[in-house]
Amino acid sequence: MKRFAHTPLLPKVLGCLSSGGLDSCKLRKEFRLLGMHKDGDVIIGGLYEVHLITVFPELSFMIEPEQPWCYELYMDGFKTALAMAFTIDEINRNPNLLPNITLGYHIYDNCIKLGVALRAAMALISGTEKSISNLNCSGSPPMLGVVGDPTTTHSIAMSSVLDLFHMPMVSYFATCSCLSNKQRYPFFFRTIPSDAFQVRAMMQILKHFGWTWVGLIVSNDDYGLNAAQSFHQDISGYGGCVAFYEILPREKDMDEIRRIIHVIQTSTSNVIVVYSNEADLMPLMDEVLHLNVTRQWIASEAWSLSPVFLTSRLLPVLRGTLGIAVRRGEIEGLKEFLLSLRPDDDPSNGMVRTFWEDMFKCRFNHAQAETETGGTVCTGDEDLTSNQEYGDVSELRGSYNVYKAVYALAHALHELLSCVPGSGPFGGHSCASLHNLQPWQLLYYLHRVNFTTSYGDQVSFDENGDALAIYDIVSWTGLPDGSVKGREVGVVDESQPAGKVLRLDEDKILWNFENNKPPHSVCSEPCPPGTRKATKKGLPVCCFDCIPCADGEINFIECLKCPLDFWSNPEKTHCVPKEVEFLSYEDPLGISLSTASLLGACACAGVLVVFAHHRHTPVVRANNSELSFLILMSLKLCFLCALLFIGQPRLWTCQLRHAVFGISFVLCVSSILVKTVVVVAVFKASKPEGQGLMKWFGAPQQRGSVLILTAFQVVICAVWLSTASPAPHKNTNFQSSKIVFECAVGSMAGFATLLGYIGLLAAVSFLLAFLARNLPDTFNEAKFITFSMLIFCAVWIAFIPAYVSSPGKYADAVEIFAILASSFGLLISIFAPKCYIILLHPERNTKKALMGRTPAKK
């Protein structure tokens, strides 16, 4: 293990302290920090992870503590720091950007420790001069801003310090969404998207593959905990759930690691999302390899391309891992710059010397070379091309973000210096001056930075200081030479329109599962059509049972009722128009009833023809043949009015059906009533005490009585139709799956009055006929009328409960049946005996036979 003791360079205090007089001030203490420096008119600071391990001395509080020291060179971190140096050199060579201004840099190693990072931040603020001669502590070039720190926790702490001095900080790798809070971190910017964007990118991948049941593992730091908070909020937005949530221990606690492994093995989730740094995740992955736990891993940008995991040793369990990676870019000329690097004797550039010694296993100090490297002395002319890793610029991600961060500060400074006096953004429309430049003045221009890199990427910041959200998606695959590579398979770009945010080439992904297919990770299978989800008690919403939708409902996430005129299809997937039910002429029942109606009408017509042909015979002329013809005509109307109850209801049919039915039956029953009265009157007139009675029951009086009785029904119908007319009505109460198209009566009182009046006339006729049933046969037609009225009353009494209890079209069928049954009853009971005599026994159709006069028996 090699230890480096670096030359003391930088101050410990943040400002100048008087040395005793009022004309000078000097630094009280210096830090031991490793860095690279270049002078310029304006300085940009930088903080990078150049060494991985830091050793802090023990604190006895009895003597002054020693300075911490670092070891274990981190090649990628060093190359990232060199990318900043290259970018500043490139800007200085650009005649169109900051002409006549030379940028310099102060770059320091944070050793991945917050204590070292804070020391470096204080050093950047204080400057490098050990003493200042004037009272304004001026003389050093102004510090424009700081590029770094790469870690979230460091950035949070350093922002709190830098904000005190209003110094902008542009991080190239700190992703915590908490840093987007401009109330707490007003001077923080970054060229890497925040974790809020990264979580949304994760959601795009999970949604694309239909993974709704995922495990979540995070590191126990600001990065992991804030990412977990955002993840929990966003995953429910697309219907996903967290199967388990575990936090990695900060130290290598194997009992906790084994417990997490047990949770992974017992969970039904096949997909695990991990937000963690390499150090905290490594113990878990070692145990995963040991137990051969195969899952689909989704890596955050912090470890998706980490060389610590991209090894053949871990390939059996990590093959096919999908990762969110920082956008890769290309920086023209960087490789040549890296290979042209040479160390010098300037103590402020100790970082390069340290790298050189580590790269070539040599020492610049002869005494150290003898004791530490076997006498190998560094010359500074060693060949850098001998190390492929150092010269590889194919995966520029962190370095590309540094490149954009430095250019953002340069463009902001360029706009600041291009300000026209009198139109500036500061007080009194003034502009900033290079001779008295304050870091806070750059903030206005940083928010308005908007440029495009040579690689074609647009760089700008939103109101929170966040960069445009764009990520590469990588998939881990083994190469023939045994190495492992994260291959780019897609892009997540939130600047694209909806539906094109995710671009993924699945053919490039090599899965670590059977048949090279993506895994299936759901808690419950999607419900089949026609069913709904019912969440299982005590489990997340992704775990559910499927319950069939009720009739009249369809499945659309939840079971939804169909609109009023629609019903669900048998599969419960679509709403279809409800079947409209009414008594139609195509319906077998409608055909039967209409046939019976026409037969009845024809029968009436036939009897009418017979009676007309034999109108002069005694049977026809008995008891006023005119009433018989009137009864036959009204019965014919009764039969035909039944046809109005068949077919699709319309306004005119609804209005006519009951009116025609009511008037026809009143005309018929009133004629029968008058005929009954005439029978009784004739019998009374045959007796001496009733000889003058017939003058009140002549033909005119009979016609008048029928007309008056019928007129009452006409009035009832007129009032009913004018006040609450029957109308077509779609009734869904009888059967939810059907629409019963019927005629609503409008006014039940009107309908009851109509039927009640018919019933009253029928009852009176029946009563009179019943009383006259035993009259002598000579004049007796009352028996037939009694029987006909008995049938009529029985039918309509039975009609009422049957009508009320019949659903849909069967209510109309019951009413038609009652009409036809009562009409046939009247027709047969009254006219069948007469037709029998007329057609079959004409010898009895004589006045003598009708009077029944036969010789008296002795």
Side-chain angles (χ1 to χ4, degrees), residues 592-615 617 619-646 660-676 678-679 702 706 709-710 713 755 758-759 761-766 768-770 773 780-799 813-841 845:
S592 302
L593 293 174
S594 58
T595 302
S597 174
L598 294 175
L599 286 175
C602 293
C604 289
V607 173
L608 191 61
V609 170
V610 171
F611 270 48
H613 186 264
H614 299 88
R615 61 185 179 277
T617 62
V619 171
V620 176
R621 295 183 61 186
N623 296 329
N624 194 346
S625 61
E626 187 176 337
L627 288 177
S628 297
F629 285 109
L630 195 57
I631 292 172
L632 286 171
M633 290 297 297
S634 61
L635 281 176
K636 187 174 183 180
L637 288 176
C638 290
F639 281 115
L640 293 177
C641 80
L643 298 176
L644 293 173
F645 291 82
I646 304 175
V660 173
F661 153 70
I663 294 172
S664 300
F665 267 95
V666 165
L667 180 60
C668 178
V669 175
S670 61
S671 300
I672 294 173
L673 176 60
V674 171
K675 180 181 280 286
T676 306
V678 170
V679 170
Q702 295 175 28
V706 171
L709 293 173
T710 305
Q713 186 74 308
L755 291 179
I758 298 174
L761 295 180
V764 173
S765 297
F766 173 72
L768 290 177
F770 180 77
R773 71 188 186 284
N780 196 0
E781 197 178 2
K783 289 182 180 180
F784 306 126
I785 295 175
T786 301
F787 188 66
S788 67
M789 286 296 99
L790 182 62
I791 296 174
F792 185 89
C793 292
V795 167
W796 286 102
I797 290 173
F799 159 77
V814 166
E815 191 166 357
I816 295 173
F817 179 80
I819 292 171
L820 297 179
S822 57
S823 299
F824 274 114
L826 295 176
L827 179 65
I828 295 172
S829 298
I830 296 175
F831 294 98
K834 296 182 179 182
C835 290
Y836 175 77
I837 294 173
I838 294 172
L839 298 177
L840 299 180
H841 295 280
N845 191 6

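Distance alone, capped at 3.5 Å, places no donor-acceptor pair between the Gln713 side chain and the Val666 backbone. Of the possible polar contacts, one joining the His614 side chain to the Val610 backbone as a donor-acceptor pair under 3.5 Å is found. Using modelled atom types, no side-chain atom of Ser829 and backbone atom of Leu826 make a donor-acceptor pair closer than 3.5 Å.
Of all heavy-atom pairs between Ser597 and Leu820, the closest is CA-CD2, 3.7 Å. Residues Ala818 and Ser822 come closest through the heavy atom pair O-OG, 2.7 Å. Across Phe799 and Glu815, no two heavy atoms sit closer than the pair CE1-CA, 3.5 Å.
Residues that satisfy the side-chain hydrogen bond (donor to acceptor under 3.5 Å, both in side chains) test with Ser788, not counting sequence neighbours, are absent from this structure.
Within a 6.0 Å radius of CZ in Phe611, more than 12 heavy atoms belonging to other residues, nucleotides or ligands are found. When the shell of 6.0 Å around CZ of Phe824 is examined, it contains more than 12 heavy atoms from other residues, nucleotides or ligands.
Distance check, rounded to the nearest 0.5 Å: CD1 of Ile758 to OG of Ser670 gives 10.5 Å. Rounded to the nearest 0.5 angstrom, Phe831 CZ and Leu632 CG are separated by 3.5 Å. Distance CD1/Ile672 to CG/Leu768: 12.5 Å, rounded to 0.5 Å. Considering CG of Leu643 and OG of Ser594, their distance stands at 6.5 Å, rounded to 0.5 Å. In this structure, OG on Ser671 lies 11.5 Å from CE on Met633, to the nearest 0.5 angstrom. Taking CG of Leu667 as the start and OG1 of Thr710 as the end, the distance is 4.5 Å to the nearest 0.5 Å.
Relative orientation of the Trp796 and Phe665 rings is perpendicular, given thresholds of 30° and 60° on the angle between their planes.
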Please tabulate, for the side chains in residues 634-642, all donor-acceptor contacts under 3.5 angstrom to protein atoms that are two or more places apart in sequence or on a different chain.
unit_1	atom_1	unit_2	atom_2	d
Ser634	OG	Leu630	O	3.1
Ser634	OG	Ile631	O	2.8

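Between Val669 and Phe766 the shortest side-chain heavy-atom distance does not fall below 4.5 Å.
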